[in-house]
2 protein chains.
Amino acid sequence: MAMVSIKDVAAHAGVSPGTVSNVLNRPGKVAPATRERVEAAINELGFVRHGSASTLRAGHSRTIGLSVIDIGNPFFTEVAAGVEDVASELGYAVILGNSAGSPDKEDRNLRVLAEHRVRGVLITPSGEDPARLDRLREHGISVVLVDHPAHRPDQCAVAVDDVAGGRAAVAHLLARGARSVAYVTGPMTIRQCVERREGAKAAVRAAGLDPGDLRVTEAATMTARAGEKAAADLIAAGLPEAIFCANDLLALGVLRALLRSGVRVPEDVALIGYDDIDFAAASTVSLSSMRQPTYQLGRIATELLLDECDNPDTHAHQHIMFQPELIARESTH
Amino acid sequence: MAMVSIKDVAAHAGVSPGTVSNVLNRPGKVAPATRERVEAAINELGFVRHGSASTLRAGHSRTIGLSVIDIGNPFFTEVAAGVEDVASELGYAVILGNSAGSPDKEDRNLRVLAEHRVRGVLITPSGEDPARLDRLREHGISVVLVDHPAHRPDQCAVAVDDVAGGRAAVAHLLARGARSVAYVTGPMTIRQCVERREGAKAAVRAAGLDPGDLRVTEAATMTARAGEKAAADLIAAGLPEAIFCANDLLALGVLRALLRSGVRVPEDVALIGYDDIDFAAASTVSLSSMRQPTYQLGRIATELLLDECDNPDTHAHQHIMFQPELIARESTH
DNA sequence: GCTTGGAAGTAAAACGTTTCTATAGCCGGG
DNA sequence: CCCGGCTATAGAAACGTTTTACTTCCAAGC
């Protein structure tokens, strides 16, 4: 419980607290001899700077927030890895918030981040209400959107083209000869789900079919378990020739349920997922998917955020849009 | 940038700052009428409490740290989900640190947590140096070990019996008739890897074989990619009849490499992993594994930590040891 | 020899809370 | 009518830093 403060260090080294602070923050401003004496005192006493006091006085912290929709989804894990790498390179700590798809929980998390006076927030918003994010900005907290287009011009965003992804996925299924396609999606409150559906419809239309024929099955969550349930529903209602899932977790669940029911993939039904998580390649029938530059998404978003924080004058807001890539595997052979 | 402070709220509501603080922290102590007036002022002005100031004055924060070895491993993700759920139920924020297996990085993360004056730390230590954790305790930061036995009696720990797990896994392989077994492990600096090996040796010995015959292949990281490489080495050196992998990520990599080389699983080689991550059941050949109560690990560790923080007087330190469970699937049929 | 200027360090104020002590107002009992 | 004992609130100090303005010292320039 030895609360060693900057004063103790100062006394021990025979200097004033201000000088210790200078050693910590602007070592160039203090004479080498004194600096060494102070550093020795710091080590001897086991001094650890009190971050809150520092934040309070300096008016800003070296912490950023990361709010994701589902920490159990490898997609977000990989984003988080990219974020963490950049943040720790630049000496920032990351506070993680998992909204679990609930706007309420997301709100609570954002409030916690606001109270911590984080420098900035990286968020994959689960709803479509920009007002909450604007409120953060009013408190001087920068916001960068991850896997989501910008709400406004004076804001950075890093996204992947979901309409194009949905189109490419379904075009691939149709090119294999499928005439009836089902879309298994998560909640339609999630933007990605909506846009991938729009892309899917566009592909159906482009093939000269009726986009209204795209059968949409909405699962409550984007998990493998929900995928199994969706597959059961599809089987009960009569299977289409091909299934497009809004993410790989759903697709893996669908695949498991289909195989358990004796449905052959891809012979009876072709299947494609989205995200190309590592496990897609390793699954029972290896899963076709739409690959996204996930780790890069996290890295670049963090670089943008920290640039905005550290160089507010020269910072130029950017809207970055990646293109997803089709990875064809056994499930659509 | 409107920095609304407690003083502004006080002025707006016609009370003193102390009263506003009471409304925030001990609403019972203030008359209903005044409370309402203050709450109205808070909403009207969009006041957000400055966490750093609060932490500084109160001497403690409502934040805990979580330090894991590999955030990309679904095992830790699920632990993190348990941690996050409990923490957010009790109004705590979680700062996540990913050591990526490097003790250096872990040290840096712990330093960040110490500076933030987190209330406590949950950690799956990547090395075996208790001194660093003791240093945290000296700063008044409680520590609970996750998936690791306690270093000392006055400390909580939640672990799973890795020796028993290793023994059960290899006993299962031997019961299927395998005479030669290889152990594909991560770095031997990781305790889990060592103990699972001890268990494996015990099982070999119990079967009347020479424990020295357990072939050990050490991978640099516990990832699927490292597993693929380990499998290549095994193939080059001559395959055993069965392979036990220290976790499912390694096992999935081994499986992928074996199948690609035309080795049949389980006909030519039986394979078992560890952790029973979700994807084990969904893989090409469904993977046998040792299941651990992962989510519970995170939940219980957090409950212990927060109990230690919130009720230091009545808190009783606990060492909890779960038993893993064998899940047999196709890969060991 | 006197000024000027710079380097090195000190002293004190400030950041926004929480918490302790003090005080004002009120009620009921004697 | 007064006083003890409440409750509700005010006021001020303190938490550990950072930062600004200031002092001291010394060397160089004239």
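The shown structure was predicted, so the numbers you read here are calculated from the model rather than taken from an experiment. So that the names make sense, note that chain A is the first sequence line, chain B the second, and so on, each numbered from 1.
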If only side-chain N and O atoms of B/Ser21 are considered, is one of them under 4.0 Å from the OP1 or OP2 phosphate oxygen of C/dT17? no
DNA chain D: 5'-proximal contact among A/Thr19 and A/Ala53 (nearest heavy atom): A/Ala53
Atom NE2 of A/His50 and atom P of D/dT18 are separated, to the nearest Å, by 12 Å
Figure out the NZ/C1' separation between B/Lys29 and D/dA10, and round it to whole Å. 17 Å
Establish, with yes or no, whether the OP1 or OP2 oxygen of D/dT9 is under 4.0 angstrom from a side-chain nitrogen or oxygen of B/Ser16. no
Looking only at side-chain atoms of B/Ala31, point me to the closest of D/dA8, C/dT19, D/dT17. D/dA8
With the side chain defined as heavy atoms from C-beta on, A/Ser5 is closest, among D/dT9, C/dG9, D/dT17, to D/dT17
Base, sugar-phosphate or nothing for A/Thr34? Non-hydrogen atoms, less than 4.0 Å. sugar-phosphate
Side-chain N,O (A/Ser52) to OP1/OP2 (D/dT17) below 4.0 Å: no
Does B/Ser54 have a side-chain nitrogen or oxygen under 4.0 Å from the phosphate oxygens OP1 or OP2 of C/dT18? yes
Roughly how many Å is it from NZ in B/Lys7 to P in D/dA10, rounded to a whole number? 15 Å
Separation of D/dG16 atom C1' from B/Glu115 atom CD, nearest Å, is 13 Å
Are B/His148 and B/Glu128 side-chain neighbours, meaning at least one heavy-atom pair lies under 4.5 Å? yes
Do any side-chain nitrogens or oxygens of B/Arg26 fall under 4.0 Å of OP1 or OP2 in C/dT19? yes
With a 3.5 Å distance limit and no angle check, can you tell me whether B/Thr63 reaches the backbone of B/Ala93 through a side-chain donor-acceptor pair? no
Rounded to the Å, how far apart are A/Asn22 CG and D/dA21 P? 15 Å
What nucleotide, of C/dG16, D/dT9, D/dT17, holds the atom closest to the side chain of B/Leu56? C/dG16
If you check every side-chain atom of A/Arg49, which of D/dT17, D/dT9, C/dT10 has the closest atom? D/dT17
Return whichever of B/Arg37 or B/Ala58 has its heavy-atom-nearest nucleotide of DNA chain D closer to the 5' end. B/Arg37
Spacing of B/Met3 atom CE relative to C/dA14 atom C1', expressed in whole Å: 16 Å
Name the closest nucleotide to the A/Arg57 side chain, picking from C/dT19, D/dA10, D/dT18. D/dT18
For B/Cys309 and B/Ser142, the nearest pair of non-hydrogen atoms, with its separation, is SG-OG, 4.1 Å
Grab the CG-P distance between B/Asn25 and C/dG16 for me, whole Å please. 17 Å
Under 4.0 angstrom, heavy atoms only, what part of the nucleic acid is B/Gly14 near: base, sugar-phosphate, or nothing? sugar-phosphate
Between C/dT17 atom C1' and B/Leu24 atom CG, what is the distance in whole Å? 10 Å
I'd like to know if the side chain of B/Asn25 and the backbone of B/Ser21 have a donor-acceptor N/O pair within less than 3.5 Å. yes
Among the nucleotides C/dT17, C/dG9, C/dT10, whichever has the atom closest to the side chain of B/Phe47 is C/dT17
Please name the pair of heavy atoms, one in A/Met3 and one in A/Asp8, separated by the smallest distance, quoted to 0.1 Å. O-OD2, 3.7 Å
Any chance you could measure B/Ile42, atom CD1, to B/Ile6, atom CD1, to the nearest 0.5 Å? 7.5 Å
As a test of reading the structure: which of C/dT10, D/dT18, C/dT18 is closest to the side chain of A/Val15, going by heavy atoms? C/dT10
